[in-house]
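See below for the structure under consideration.
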2 protein chains.
Amino acid sequence: MPGNVSSPGATVVSRVLAVLYAFDNGHRRLGVTELARRADLPVPTVHRLLRELVAGEALTRDSGGRYAIGRRLWDVGMLAPEQTELQQVASPFLSDIHAATRATVHLAVRDGAEVLYLDRLSGRASVPVVSRAGSRLPLHSTGVGKVLLAHAPAQLREDYLATDLRRPTVHTITHPERLRRQLAAVRREGYATTEDEMTLGACSIAVPIARAASGDGEQEVVAALGIVVPTLKRERTRLLTALQVAARGIGRSLP
Amino acid sequence: MPGNVSSPGATVVSRVLAVLYAFDNGHRRLGVTELARRADLPVPTVHRLLRELVAGEALTRDSGGRYAIGRRLWDVGMLAPEQTELQQVASPFLSDIHAATRATVHLAVRDGAEVLYLDRLSGRASVPVVSRAGSRLPLHSTGVGKVLLAHAPAQLREDYLATDLRRPTVHTITHPERLRRQLAAVRREGYATTEDEMTLGACSIAVPIARAASGDGEQEVVAALGIVVPTLKRERTRLLTALQVAARGIGRSLP
DNA sequence: GCCCACCTTTCACTGAGTGAAAGCCCACTC
DNA sequence: GAGTGGGCTTTCACTCAGTGAAAGGTGGGC
């Protein structure tokens with residue numbers, strides 16, 4: 001019996017998405033076989049889908065027969081309102097912070113149980129920074145992550161603390177009780193810091209960006225703003241002020 | 001006869017792409033009917049595709065039944081190597097220029113017969129700027145556009161000059177012979193300028209970013225770097241130098 | 001030369017996709 | 001409060017687009 005042995009719930013649309021989602025930061029250029037394995041689909045099926053996607057300019061195909069996300073999908077992605085509206089409003093404020101501090105500046109939101117970086121202005125200082133726009137990191141090991149975790153729904157926060165927390169460095173705080181106390185401090189003080197917790201040699205400060213929620217005076221944290229510096233020993237107050245001014249400005253500019 | 005009257009060459013993949021491509025800068029949130037009209041597909045077909053795309057987290061659906069590009073497609077778009085590799089290499093240099101000039105900085109490539117903006121750092125100065133990352137503008141009315149047009153294949157350039165050129169402002173240069181001479185000057189001098197040609201009250205300077213092409217000493221222009229300022233009367237030399245230093249730095253950092 | 005890994009094409013089968021038609025739901029009108 | 005128009009959703013009989021095992025290339029390592 002040749003032909004259809006598709007698993008249940010398999011539509012063409014879901015297969016197309018499986019192929020697209022098979023690409024990631026470490027795998028931006030992939031061949032048919034590897035895509036098929038990553039998408040868990042038969043090779044000929046993937047091959048046909050790829051041909052159609054290339055014909056539709058969604059993917060590109062290089063001379064070596066490797067496929068990559070194409071310009072038109074980049075275009076489409078840039079239209080995602082959730083990400084780009086905030087990014088656009090925040091852009092001039094990020095520039096201000098960058099001008100004032102010369103540090104790497106980050107704009108990030110919480111996506112499930114991860115930090116999702118929406119934008120980054122790179123500092124020229126020799127601080128190792130792993131994030132880039134579109135990348136994801138743990139919530140408990142970065143400044144913006146701690147801010148977002150501190151202001152996440154209590155249930156999600158507790159669930160997160162109950163999981164086995166990653167340890168990017170030996171300084172990463174993974175003890176639930178200690179982290180819980182730190183998050184309470186973040187809510188109380190209005191900012192979060194890290195020292196060598198994500199990358200050795202990198203410290204960070206971050207503050208929440210809040211929008212006045214529906215009608216009443218209640219505030220809702222929608223994003224976080226942070227900078228990465230070699231050390232927090234000096235200038236902590238000045239950096240914090242620059243961040244808070246910008247965060248307030250962004251919050252006021254939100255629709 | 002109910003059912004299939006699909007036009008020839010219509011596959012599910014092409015329909016999915018038609019739906020995705022129906023979104024644009026001015027239409028980021030659309031209902032079923034409007035999407036169907038824009039994608040030129042029957043409403044029930046689009047409705048089903050939308051449901052599957054939302055289930056796959058490619059699109060989001062708001063309470064009003066309007067659809068928009070979702071987070072995961074934004075993610076996917078951020079993986080497009082052509083756009084983001086260049087953007088990432090250039091990022092710290094854009095910051096440098098921004099710090100040195102406080103102007104709006106642009107990184108752009110040519111996409112067919114249009115300028116495609118890959119990145120923008122907004123200046124706080126009150127200069128009207130219409131572009132944003134992902135947007136497209138005519139090649140002849142912006143600084144980066146003139147640079148890219150000047151270094152485009154001769155055939156494409158001539159074809160472009162032969163078309164009916166848009167006039168965003170009264171200062172836009174649309175006379176073919178005058179533009180042709182200006183483009184020759186751009187190649188000769190190594191930079192392009194505009195004055196009120198895209199937006200009244202905005203001037204620009206732009207320079208090419210070149211990569212040493214395959215083996216020989218030949219240079220290939222892959223992108224353009226530009227800034228937008230209120231006036232070019234002052235500081236033209238300083239601005240130009242900042243741009244050229246950055247462009248050379250980016251060119252050297254290219255793979 | 002032989003093997004192995006990957007890419008591409010073929011092809012008989014069939015259920016996933018199709019879209020006209022009908023049914024909703026809501027807002028606004030008279 | 002019946003009527004109207006707009007868009008959103010569901011149904012359903014038909015059939016062709018999609019399927020994937022198998023076979024056929026292609027290239028590179030040794």
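Labels below follow one simple rule: chain letters A, B, ... track the order of the sequence lines, proteins then strands, and each chain is numbered from 1. None of these values were measured; they are calculated from a predicted model.
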Next item on the list: Give a yes or no on this: more than 12 heavy atoms of other residues, nucleotides or ligands lie within 6.0 Å of atom CZ of A:Arg167.
Entry: yes
Note to self: Could you tell me how far apart B:Arg37 (CZ) and C:dG19 (P) are, to the nearest whole angstrom?
What the structure shows: 18 Å
Checklist line | Test item: A:Arg211 side-chain N/O and A:Val221 main-chain N/O as donor-acceptor pair under 3.5 Å | finding: no
Item checked: Proximity to DNA chain D (any heavy atom under 4.0 Å), residues of residues 19-35 of chain B only -> B:Gly31, B:Val32, B:Thr33
Notebook entry, point to check: For B:Glu52, which residues count as a side chain to side chain contact (heavy atoms under 4.5 Å, CB included) partner, sequence neighbours excluded?
Noted result: A:Thr11, A:Val13, B:Arg48
Check: Expressed in angstrom and rounded to an integer, what is the separation of B:Leu41 atom CG from C:dT18 atom P?
Finding: 9 Å
Item checked: 5' priority, DNA chain C, between A:Gly65 and A:Val12 [closest heavy atom] -> A:Gly65
Note to self: Check for me whether B:Arg28 meets the cation-pi criterion with B:Phe23, that is, NZ or CZ under 6.0 Å from the six-membered ring centre and within 45 degrees of the ring axis.
What the structure shows: no
Note to self: Is the ring pair B:His106/B:Tyr117 parallel, tilted or perpendicular, if the boundaries are 30 and 60 degrees?
What the structure shows: perpendicular
Item checked: Residue-phosphate contact under 4.0 Å: B:Arg61 side-chain N/O, D:dT9 OP1/OP2 -> yes
Note to self: Salt bridge or not between B:Arg71 and A:Glu82? Use side-chain N to carboxylate O under 4.0 Å.
What the structure shows: no
Check: Quick check: does any side chain N or O of A:Arg29 sit under 3.5 Å from a backbone N or O of A:Tyr67, one acting as donor and the other as acceptor?
Finding: no
Notebook entry, point to check: Among residues 43-56 of chain A, which contact DNA chain D at a heavy-atom distance under 4.0 Å?
Noted result: A:Pro44, A:Thr45, A:Arg48
Note to self: I need the minimum non-hydrogen distance between A:Pro138 and A:Arg166, along with the two atoms involved.
What the structure shows: CG-CB, 4.5 Å
